[in-house]
Amino acid sequence: MTENLTYPDVVSLAVPFFIAAILIEFIWIRISGKGGRYETRDAVTSLVMGAGNVASGIAMGFIAWAFFMVLWEMTPLDLGNSWWIVLLCFVLDDLRYYWVHRFGHRIRWVWASHVNHHSSQHYNLTTALRQTWTYTFTFMMVVRAPLILLGFHPAMVLFCGGLNLIYQFWIHTEAIGRMPRSFEAIMNTPSHHRAHHGRNPRYLDCNYAGVFIIWDKMFGTFVPEQEDEKVDYGLVHNLGTFNPLRVAFHEWVGIFQDMSQRGLTLRERIMYAVAPPGWSHDGSRDGSAGIKEKHLRQHPEKRGTPGFR
């Protein structure tokens with residue numbers, strides 16, 4: 001039985017590694033003049049967002065844990081704690097991450113939490129730390145429910161989720177180009193994740209993977225980074241601010257402003273929360289599909305190429 005199962009807080013243990021890696025990347029960029037760029041205010045904003053994420057996790061983490069333990073008490077299954085069970089949990093939790101991440105780009109309520117991670121117009125290791133303060137309010141914890149009901153202990157599930165986040169830290173860099181082809185075919189890499197952070201029409205809503213890029217290839221969301229189209233980082237409509245409070249809450253404010261418009265039906269108010277970002281009741285805005293289609297009308301030669309299939 002795994003009633004008293006405990007795992008180390010691997011993300012906290014990895015903090016010294018994060019700091020060392022950021023310093024190494026920064027020095028490398030300064031010496032070589034390659035591999036990206038650091039902007040002081042942008043990097044500080046990312047670090048503040050990371051600290052806020054830790055604080056919100058401490059303050060609100062009991063909600064998810066209580067929910068997971070209720071599920072654990074409900075399930076008659078207990079898969080134990082053997083190494084292959086941990087490995088299986090890691091793989092299945094990465095599939096869970098893929099869908100949560102995809103929901104985070106296709107459901108505005110979840111995007112309101114995730115958008116801050118995409119708000120930097122730079123791409124370096126500090127960007128990995130630009131994390132949400134409001135994840136609990138997305139209710140995406142429910143996507144982990146099947147794992148616990150299948151018999152994976154909540155502590156094991158959270159441990160695997162921590163390893164997933166640690167893996168994703170190193171892929172937030174321009175200092176690493178392409179990895180060997182066999183590695184790129186299976187694993188998420190800096191090249192794949194650079195494309196994910198692009199605001200170019202080609203790169204919108206692609207490469208949701210955490211660790212294994214195979215999920216994107218299986219579900220049709222993979223777009224390779226193109227040599228002839230440099231990734232333009234940030235949001236479709238960039239914020240133009242380094243204020244952490246605005247970064248953290250601007251999309252939540254936008255949702256409530258849209259839902260509060262006069263003359264809307266109940267369905268329209270709900271759609272402003274659950275439809276993809278860019279949805280509007282009068283069609284006056286464009287989501288990612290509309291942005292891609294407009295771009296194709298201007299550049300028809302791109303139709304059928306990666307990102308526009």
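Computation of the quantities below employed the complete heavy-atom set of this structure, encompassing side-chain atoms and omitting hydrogens, waters and symmetry-equivalent molecules.
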Verdict with reasoning, T126 to Y38, per side-chain contact (heavy atoms from CB on, under 4.5 Å) | CA-CA 9 Å; T126 66; Y38 270 79; 3.6 Å; yes
Between H172 and H117, does the ring centre distance come in under 6.0 Å?
-> yes
Quick check: does any side chain N or O of D78 sit under 3.5 Å from a backbone N or O of G80, one acting as donor and the other as acceptor?
-> yes
Determine the interplanar angle of the H193 and Y123 rings, folded into 0 to 90°, and report it as parallel if under 30°, tilted if 30 to 60°, perpendicular if over 60°.
-> tilted
Please find out if less than 6.0 Å separates the ring center of W279 from that of Y272.
-> yes
Answer yes or no: is there a side-chain heavy-atom contact under 4.5 Å between I22 and L129?
-> yes
Linked, directly or transitively: I291 and I107 (ILVMFWY side chains, under 4.5 Å) | no
Is the shortest heavy-atom distance from the side chain of N200 to the side chain of L204 under 4.5 Å?
-> no
V274 side chain near I270 side chain, heavy-atom distance below 4.5 Å = yes
Should the pair E39-R41 be classified as a salt bridge under the 4.0 Å nitrogen-to-oxygen rule?
-> yes
Does W133 reach the main-chain N or O of M49 with its side chain, forming a donor-acceptor pair under 3.5 Å?
-> yes
What do you reckon, are the aromatic ring centroids of H295 and F308 less than 6.0 Å apart?
-> yes
Are H197 and Y233 an aromatic pair by the rule of ring centers under 6.0 Å?
-> no
Shortest non-hydrogen separation from G161 to D93 and the atoms involved | CA-OD2, 3.4 Å
Joint hydrophobic cluster, V157 plus L79, side-chain heavy atoms closer than 4.5 Å = yes
Classify the ring geometry between Y208 and Y98 as parallel (under 30°), tilted (30 to 60°) or perpendicular (over 60°).
-> perpendicular
So, for W252 and F137, is the gap between ring centers shorter than 6.0 Å?
-> no
Any donor and acceptor pair, going by atom type alone, linking the side chain of D232 with main-chain N or O of G198 inside 3.5 Å?
-> no
Any idea which heavy atoms bring G104 and V110 closest together, and the distance?
-> CA-CG1, 3.5 Å
Could you state the interatomic distance from NE2 (H114) to CZ (R102), rounded to the nearest 0.5 Å?
-> 13.5 Å
Does any N or O in the side chain of E268 come within less than 3.5 Å of the main-chain N or O of T265, such that one atom is a donor and the other an acceptor?
-> yes
Between I213 and F222, does a side-chain contact (heavy atoms from CB on, under 4.5 Å) hold up when you go through it step by step?
-> CA-CA 8 Å; I213 199 65; F222 176 66; 3.8 Å; yes
So does D258 pair up with R108, basic N to acidic O under 4.0 Å?
-> yes
All heavy atoms of V236 vs all of R199, minimum pair found to be O-NH2, 2.8 Å
Nearest heavy-atom approach of M140 to F103 is SD-CD1, 3.8 Å
Taking C-beta and beyond as the side chain, do K302 and E229 meet within less than 4.5 Å on heavy atoms?
-> yes
Check step by step if side-chain contact (heavy atoms from CB on, under 4.5 Å) holds for T305 and R202.
-> CA-CA 9 Å; T305 62; R202 178 191 299 278; 3.4 Å; yes
Short N-O contact, K292 and D205, less than 4.0 angstrom | no
Charged N to carboxylate O under 4.0 angstrom, R246 versus E251?
-> no
Is the backbone N or O of A185 less than 3.5 Å from a side-chain atom of K217, with the two atoms forming a donor-acceptor pair by type?
-> yes
Please examine the side chains of F26 and L125, heavy atoms only from C-beta on, and report whether any two atoms are closer than 4.5 Å.
-> no
Would you check if the side chain of H299 reaches a backbone N or O of E301 as a donor-acceptor pair within less than 3.5 Å?
-> no
For the student: nearest non-hydrogen atoms of M259 and A273, plus distance = SD-CB, 4.0 Å
Check: R37 main-chain N/O paired with N124 side-chain donor or acceptor under 3.5 Å | yes
How many angstroms lie between CZ in F67 and CZ in R144, if you round to the nearest 0.5 Å?
-> 11.5 Å
Are K230 and E174 within salt-bridge range, i.e. N to O under 4.0 Å?
-> yes
Using a cut-off of 6.0 Å, state whether more than 12 heavy atoms not belonging to R267 lie near its atom CZ.
-> no
Are M179 and F169 connected in a single hydrophobic cluster, I mean Ile/Leu/Val/Met/Phe/Trp/Tyr linked by side-chain heavy atoms less than 4.5 Å apart?
-> yes
Contacts under 3.5 angstrom, residues 82-91 side chains, donor-acceptor by atom type, not counting sequence neighbours:
| from | atom 1 | to | atom 2 | distance (Å) |
| --- | --- | --- | --- | --- |
| S82 | OG | W84 | NE1 | 3.1 |

Output every pair passing salt bridge (Lys or Arg N to Asp or Glu O under 4.0 Å) with a member in residues 147-162, not counting sequence neighbours, ordered by first then second residue.
-> none
If every non-hydrogen atom of N188 is compared with every non-hydrogen atom of W170, which pair is closest and at what distance?
-> O-CZ2, 4.1 Å
Is the closest side-chain heavy-atom distance between L77 and F152 below 4.5 Å?
-> no
Go through the steps to decide whether M218 and W215 satisfy the test side-chain contact (heavy atoms from CB on, under 4.5 Å), and finish with yes or no.
-> CA-CA 5 Å; M218 287 174 57; W215 307 126; 3.7 Å; yes
Between S46 (side chain) and D42 (backbone), is there a donor-acceptor pair under 3.5 Å?
-> yes
Give, for atom CG of L264 and atom CG of D282, the distance between the pair rounded to the nearest 0.5 Å.
-> 9.0 Å
Taking atom types as modelled, is there a side-chain donor on Y203 or E225 under 3.5 Å from an acceptor on the other?
-> no
For residues 51-62, please give each side-chain donor-acceptor pair under 3.5 Å, one per line with the distance, not counting sequence neighbours.
| from | atom 1 | to | atom 2 | distance (Å) |
| --- | --- | --- | --- | --- |
| N53 | ND2 | T132 | O | 2.7 |
| S56 | OG | G52 | O | 3.2 |
| S56 | OG | N53 | O | 2.9 |

Going by heavy atoms in the side chains, are P306 and Q226 under 4.5 Å from each other?
-> yes
H192 ring center within less than 6.0 Å of H196 ring center = no
Are Y97 and F159 grouped together when hydrophobic residues (ILVMFWY) are joined by side-chain heavy atoms under 4.5 angstrom apart?
-> no
Rounded to the nearest 0.5 Å, what's the gap from CG on D94 to CZ on F212? Could you check?
-> 5.5 Å
Run the numbers on T173 and R194 for side chain to side chain donor-acceptor pair (under 3.5 Å), then give the verdict.
-> CA-CA 8 Å; T173 185; R194 283 193 291 269; over 6 Å; no
side-chain contact (heavy atoms from CB on, under 4.5 Å), paired with S119, selected from T127, N238, V247 = V247
Aromatic contact, H118 with W111 (centres under 6.0 Å) = yes
Shared hydrophobic cluster, F256 / L245 (ILVMFWY, side-chain heavy atoms < 4.5 Å) | yes
Do T45 and R130 have side-chain atoms, one donor and one acceptor, less than 3.5 Å apart?
-> no
Between N243 and T241, does any side-chain donor sit less than 3.5 Å from a side-chain acceptor?
-> no
Using distance alone, with no hydrogens and no angle criterion, decide if T189 and R178 have a side-chain donor and acceptor under 3.5 Å apart.
-> no
Output the distance between atom CH2 (W72) and atom OG1 (T75), rounded to the nearest 0.5 Å.
-> 7.0 Å
